[in-house]
**Student:** 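Have a look at this one.
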Amino acid sequence: MDHPVQPGPPAQFIAEMTRAQRALYAFLVSLLRNPADADDVLQETNIVLWQKAGEFDPSRNFMPWAFRVAQFQAMAHLKRKKRSRLAFDDALLAQIADEAVAEAADMEPRRAALLECLKRLAPDQRQLVARRYEPGGSVNDMARERGTTPKALSEMLRRIRRALMLCIERRLAREARA
Amino acid sequence: MNGRIPEELEGLLNALADGALEPDGEMRLATILRDDAGARGHYRRFMAMHAALHWDYASAATAVARAARAPRWARLEHFALAASVVAAAILGGLLFRSHLSGTSPIVTVAATDGSLSWAGADGSARAGLADGARLEAGTFETDGLGSSATLAFADGTTVVLGGETQADISEGSQKLIHLRTGTLSADVAPQPSGRPLVVRTPTAVIEVLGTAFAVAAEPEKTGISVQRGVVRMRRTADGQAVDVAADRAAVATLGNAEPMAARAPTDAPSHWRLGLGREDAERVRALVMPHGDAGDPTPRIGARPYVAKRRADGTAIIRHGISVRGPTERVRKFVSIEAGSVIRFRYRTARPAAVSVLISTLRQGRVFGGNFEATIPAAGDGVAQGQWRVAEIRADAMRPLMPSAGTRAADTAVMLLLISTTAPEDGLEIADVSVDSGP
């Protein structure tokens, strides 16, 4: 069987695509609200980006273009899954997507600030975050392990996330003034 | 709108993040977001934080966790396939989760050549790690082209990281390695059923229960060669998977133009010559001058600076030379070394300088074969500077830098060849590099 080998995209495209993975994943989480779905759609997005590499104009900004491809894949995924779009309808998702595209450049500074803010958490709080976000981490399991209720555990996570969000904003504001 | 999130919105977002948002809560959240640009800003920033935590803590094994629940892989209990994989970016400064029990060390540095650095989940970092150091889960990086490091788990599993390799390593309910870039080989002790060791690269997921293999990763392709046992490798691009058994190899690319297949590995030839065509030039780190220059048309290669290793304080030791690496699909192997193999090249320097030759190897049956070095003394006063000299180095006489991996270069395959001096003023240039199995 003959399988002609297609020439690959240029190295610059591959580098851009690699750099964009984290931001694309975050963008998809904001549209799909489910990290597992975002995993699947990111894979599908990468395949389309690869196939469309020849259409990309290297003089343009890669991220907005890639975000639009991801947005299309996300909408198609929701349609395939027959997820109810009574709540997050197409118009709201488009609005979230448009605003996320405009803020794409903010993602890396926010991530860097998050890393610093995580260091400032107390050790038991960091451990709670690690446990929640590791594979299979669930509030119910964690509550059982700690001998507490899911509601109490959720409240702990809520306080930690609040602290992280405030810390991130303070750090970014300080850096903007510097 | 950068202040605190309003309480109702915060409650809804946290419920969403923890999978506890009921349908009426989702409706309420959508209503708030639809009418309020500030709320949408809070939503985007909250979800970006949520995604970042997931990416760094969970994406290394999310595919495996979901695969364990997928019924269509239930029969393949020896392999435990991954369902899908996020193609990871090559990033520095990553946050990583620590062991379930807290901050227990998971690996011991068994041997190093060059330098190894480590960054932990709590932001701590160490460079220039010595043999015997015990480390928690984190990001491991061999600093410098010629650096290698052997890490040992408590169950006897060993992982060797090659030069300029970056990998996130953890051990919770199973061992997880995210090979972001570079080369690693592993000799894996039998793993508990249903909890294989998983290696993830930008283009593939590899799961093993007990085997010896080597894998090389770069952004658009992953090559694997298995020495013992069997692994399953799944290609990210289309989910196609292949079982790779002992003495077989396979490649997973970012594209899906070719079907995945395990094949007999192409033995690296025992005779090799460095060409200066485009294909070779892509694997050479040097100033390639295939037509010489205006003053001298001799095809040659000029030295370029590279990081050889890092000191304990993190400062780099720079050398100046050329490096040659083999193709990813052969796990970097490009020439076989036999008992009588000789490395030859012509070289010249602008001033007297010692020239170092280093090879990093893979060994059949033992995977990582060790690093070997030879030094050519600086030319004496009788040699005119700028005059071409011929170097001939018997590979088997080269000094082993990691004796635990091997004391002789014979019966190995070269993954990396480095020829260098210590200073840019040495002006090292090299031509006609070859490796032959005999004189």
Side-chain angles (χ1 to χ4, degrees), chain A residues 3-6 8 14-15 18-22 25-26 29-30 33 35-36 38-40 42-43 46-47 50 84 86-89 92 95-96 99-100 103 107 110-112 114-116 118-119 126-127 129-131 133-139 154 157-158 161-162 164-166 168-169 173, chain B residues 2 4-5 10 14 16-20 23 26-27 29-30 33-34 40-41 43-55 57-59 61-66 84-91 93 95 97-98 102 121-123 172 202 219-220 236-238 254-259:
Chain A
H3 295 277
V5 176
Q6 301 297 324
I14 295 170
T18 306
R19 273 195 292 270
Q21 291 300 296
R22 183 188 290 273
Y25 176 73
V29 168
S30 73
R33 287 99 68 204
D39 277 343
D40 289 339
L42 179 58
Q43 181 175 341
N46 285 334
I47 293 170
W50 182 267
S84 168
L86 289 176
F88 279 68
D89 59 19
L92 175 57
Q95 208 168 14
I96 291 171
E99 290 165 357
E103 289 182 348
M107 280 191 174
R110 288 192 160 273
R111 188 190 76 83
L114 171 62
L115 294 181
E116 291 302 314
L118 280 161
K119 292 181 201 175
R126 270 203 304 276
Q127 205 164 350
V129 170
R131 181 70 180 94
Y133 283 95
E134 70 178 29
S138 85
V139 169
S154 293
L157 287 169
R158 176 174 170 153
R161 289 181 180 126
R162 181 189 301 158
L164 287 172
M165 291 288 290
L166 288 173
I168 291 169
E169 297 308 322
Chain B
N2 287 333
R4 186 166 159 164
I5 303 177
E10 185 188 62
N14 276 276
L16 176 65
D18 291 329
E26 191 171 356
M27 288 290 284
L29 176 60
L33 297 181
R34 197 171 286 118
R40 288 196 299 277
Y43 173 82
R44 286 194 306 281
R45 288 185 284 275
F46 181 93
M47 296 305 275
M49 180 184 73
H50 183 54
L53 290 168
H54 259 290
W55 181 274
Y57 281 103
S59 65
T62 296
V64 176
R66 283 187 284 119
S84 65
V85 178
V86 173
I90 300 174
L91 300 171
L95 183 68
R97 67 173 176 83
S98 48
D122 61 357
E220 71 274 16
T236 303
D238 57 2
L254 194 57
N256 58 355
E258 296 199 19

**Student:** Taking the six-membered ring for Trp, are A:Y25 and B:H54 ring centroids under 6.0 Å apart?
**Tutor:**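 No, too far apart.
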**Student:** Side chain, backbone, both or neither: which part of B:A20 has an atom under 4.5 Å from a heavy atom of chain A?
**Tutor:** neither
**Student:** side-chain hydrogen bond (donor to acceptor under 3.5 Å, both in side chains) with A:E116: which residues, sequence neighbours excluded?
**Tutor:**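 Partners of A:E116 by the side-chain hydrogen bond (donor to acceptor under 3.5 Å, both in side chains) criterion, ordered by chain and then number, come out as A:K119.
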**Student:** Sequence neighbours excluded, which residues qualify as side-chain hydrogen bond (donor to acceptor under 3.5 Å, both in side chains) partners of B:N14?
**Tutor:**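 So B:N14 forms a side-chain hydrogen bond (donor to acceptor under 3.5 Å, both in side chains) with A:R161.
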**Student:** Considering only heavy atoms, which portion of A:L92 lies under 4.5 Å from any heavy atom of chain B: side chain, backbone, both, or neither?
**Tutor:** side chain
**Student:** Side chain, backbone, both or neither: which part of A:M165 has an atom under 4.5 Å from a heavy atom of chain B?
**Tutor:** both
**Student:** State whether A:R110 and A:E169 are salt-bridged, where the test is any N-O pair (Lys NZ or Arg NE/NH1/NH2 against Asp/Glu carboxylate O) under 4.0 Å.
**Tutor:** yes
**Student:** Using non-hydrogen atoms and a 4.5 Å limit, figure out which bit of B:Y43 sits close to chain A: side chain, backbone, both or neither.
**Tutor:** side chain
